[in-house]
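Scope of the values below: all heavy atoms of this structure, side chains included, with no hydrogens, waters or symmetry mates. All ligand and atom numbering here is 1-based and tracks the order in the structure.
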Amino acid sequence: MMIVVIDGPAGAGKSTTAQAVARKAGLDYIDSGAIYRGFTVLYNELKHDRASFFEAIKQERLRFEFDRDVSRVYLDKSEITEELRSPSVNDNVSVVAAMPEVRNQVTVELKKAVGASDCIAEGRDLGTVVFPEAELKFFLTADLDERARRRQLEMESKVEYSADSKFQNVKENLQQRDTIDSSRKEAPLQKAKDAIELDTTSLSFDRQVQIITEAIERVRTQRSNSNSQ
Ligand code: DC
């Protein structure tokens with residue numbers, strides 16, 4: 001079993017890259033942000049009342065499913081995957097992700113999600129905190145303007161959220177999240193010492209997928225060589 005992780009700030013292209021690599025190299029895909037977003041839907045539903053929220057976390061009202069290229073989230077019996085990218089979740093997810101009670105629970109879910117097959121997981125603290133033992137670690141970055149441009153395009157493709165997709169709004173939301181995610185006490189966004197940094201500002205999408213896929217193939221070849229010796 002091999003674990004590959006991709007960490008980096010919002011909008012650096014982690015999800016699309018990890019999904020493409022998962023398909024190409026035959027890995028399971030795990031989106032850790034989807035878990036934090038699922039907890040945020042619950043937090044919003046409970047009107048930001050922390051006591052009820054921590055109680056609900058203990059009752060395990062959320063359930064997560066990781067398919068080859070999509071991570072699905074259920075609240076009680078209903079699927080909430082579509083709601084995960086809504087503006088109200090974007091606005092509150094960094095606050096929820098800074099709560100130690102939530103981070104502990106998400107780490108448990110992530111460790112459960114890793115099965116017998118090779119997987120690629122993406123997030124902020126996977127290489128540093130959740131899977132320090134991962135065989136391959138990448139840290140994806142890109143300029144703030146470029147990340148905002150990509151996020152805006154993604155949001156515009158979802159008609160219902162188009163009013164919130166003005167460039168300036170998207171950029172401010174990314175910037176705010178970066179600040180909270182990087183400066184929080186618990187597991188801040190940080191490049192692991194042994195992670196390979198890829199600045200994707202002017203790297204083509206195909207090229208970044210190729211770099212990661214080739215690294216996976218190299219590890220697989222080394223492993224099969226050492227097994228046959
Ligand atoms: O990758 P994303 O935009 O879906 O992540 C949503 C939020 O979740 C992000 O602002 C920070 C948080 N997050 C985190 O703190 N640690 C992770 N491993 C993944 C996400």
Side-chain angles (χ1 to χ4, degrees), residues 3-19 22 29-44 57 62 64 66 69-73 80-114 119-132 134 137-142 144 146-155 158 161 164-165 169-192 195 200:
I3 302 177
V4 181
V5 299
I6 305 184
D7 288 309
K14 299 185 300 293
S15 307
T16 42
T17 306
Q19 284 163 339
Y29 164 66
I30 299 170
D31 172 4
S32 67
I35 311 183
Y36 286 101
R37 287 170 180 275
F39 279 104
T40 309
V41 172
L42 181 59
Y43 182 66
N44 287 346
I57 294 178
L62 289 161
F64 307 93
F66 303 98
D69 54 9
V70 61
S71 301
R72 295 180 202 285
V73 183
I80 54 165
T81 311
E82 289 282 310
E83 276 170 72
L84 301 181
R85 311 270 145 200
S86 70
S88 65
V89 171
N90 286 340
D91 289 346
N92 290 290
V93 67
S94 285
V95 172
V96 172
M99 299 174 186
E101 295 82 349
V102 173
R103 299 209 72 82
N104 291 341
Q105 195 55 38
V106 175
T107 301
V108 170
E109 292 293 343
L110 286 169
K111 290 188 190 286
K112 264 201 308 209
V114 172
C119 72
I120 184 161
E122 49 109 349
R124 303 292 187 290
D125 62 338
L126 304 188
T128 49
V129 175
V130 184
F131 300 119
K137 300 179 183 178
F138 293 90
F139 194 80
L140 245 61
T141 60
L144 177 63
E146 177 60 18
R147 291 190 283 121
R149 196 187 63 80
R150 292 179 192 168
R151 204 28 82 90
Q152 186 190 23
L153 282 177
E154 183 190 319
M155 288 177 84
K158 297 181 186 132
Y161 303 137
D164 293 270
S165 65
N169 294 352
V170 176
K171 188 171 159 178
E172 276 165 22
N173 178 273
L174 282 185
Q175 203 165 20
Q176 262 169 14
R177 283 211 280 143
D178 282 355
T179 310
I180 304 178
D181 295 343
S182 314
S183 59
R184 68 177 175 226
K185 237 170 63 209
E186 290 276 325
L189 167 67
Q190 214 176 26
K191 177 182 164 305
T200 70

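In this structure, I80 CD1 and L84 CG are separated by 5.5 Å, a value rounded to the nearest 0.5 Å. Atom CD of Q105 is separated from atom CD1 of I35 by 9.5 Å, given to the nearest 0.5 angstrom. Taken to the nearest 0.5 Å, the CD atom of E82 stands 10.0 Å off from the CZ atom of R72. From S71, atom OG reaches atom CD of Q19 across 8.0 Å, with rounding to the nearest 0.5 Å. Interatomic distance, T107 OG1 to E186 CD, rounded to the nearest 0.5 Å: 9.0 Å. One finds the OG atom of S32 at 7.5 Å from the CZ atom of R124 (value rounded to the nearest 0.5 Å).
For E154 and R150, the salt-bridge test fails: no basic side-chain N is under 4.0 Å from an acidic carboxylate O.
Nearest to atom 7 (C) of ligand 1 by heavy-atom distance, out of L189, D178, V93, V89, is V93.
Atom 4 (O) of ligand 1 has as its closest protein heavy atom R37 NE, 2.7 Å. If you check which protein heavy atom lies closest to atom 16 (N) of ligand 1, you get R103 NH2, 3.0 Å. Nearest protein heavy-atom neighbour of atom 19 (C) of ligand 1: S32 OG, 3.2 Å. Given atom 20 (C) of ligand 1, the protein heavy atom at minimum distance is Y36 CD1, 3.6 Å. What sits closest to atom 6 (C) of ligand 1 on the protein, heavy atoms only, is R177 NH1, 3.6 Å. Distance from atom 14 (C) of ligand 1 to its nearest protein heavy atom, with residue and atom name: R124 CG, 3.5 Å. In terms of protein heavy-atom proximity, atom 12 (C) of ligand 1 is nearest to A97 CB, 3.7 Å.
A heavy-atom separation below 4.0 Å is not found between E186 and ligand 1.
Residue contacts with ligand 1 for Q176 are absent, since no atom lies close enough (heavy atoms, distance under 4.0 Å). At a 4.0 Å heavy-atom cut-off, ligand 1 touches R184 through the side chain alone. Contacts between D181 and ligand 1 below 4.0 angstrom, taking non-hydrogen atoms only, involve the side chain exclusively.
Atom numbering of ligand 1 starts at 1 in the shown order; those under 4.0 Å from a heavy atom of R85 are 4 (O). Proximity to S94 (heavy-atom distance under 4.0 Å) selects the following atoms of ligand 1: 10 (O).
For ligand 1, the polar-atom distance check finds an N/O of D125 within less than 3.5 Å of one of the ligand's N/O atoms. At under 3.5 Å, not a single nitrogen or oxygen of D31, backbone or side chain, sits near a nitrogen or oxygen of ligand 1. Residue-to-ligand polar distances keep K14 apart from ligand 1: every N/O pair is separated by 3.5 Å or more.
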Determine, step by step, whether K137 and D7 satisfy the side-chain contact (heavy atoms from CB on, under 4.5 Å) criterion, reporting the C-alpha distance in whole Å, the side-chain angles of both residues, the deciding distance to 0.1 Å, and the verdict. CA-CA 8 Å; K137 300 179 183 178; D7 288 309; over 6 Å; no

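Among residues two or more places apart in sequence or in another chain, the side chain to side chain donor-acceptor pair (under 3.5 Å) test is passed with T81 by E79. With sequence neighbours left out, R147 forms a side chain to side chain donor-acceptor pair (under 3.5 Å) with D178.
Open room surrounds NZ on K185; 12 or fewer heavy atoms of other groups in view lie less than 6.0 Å from it.
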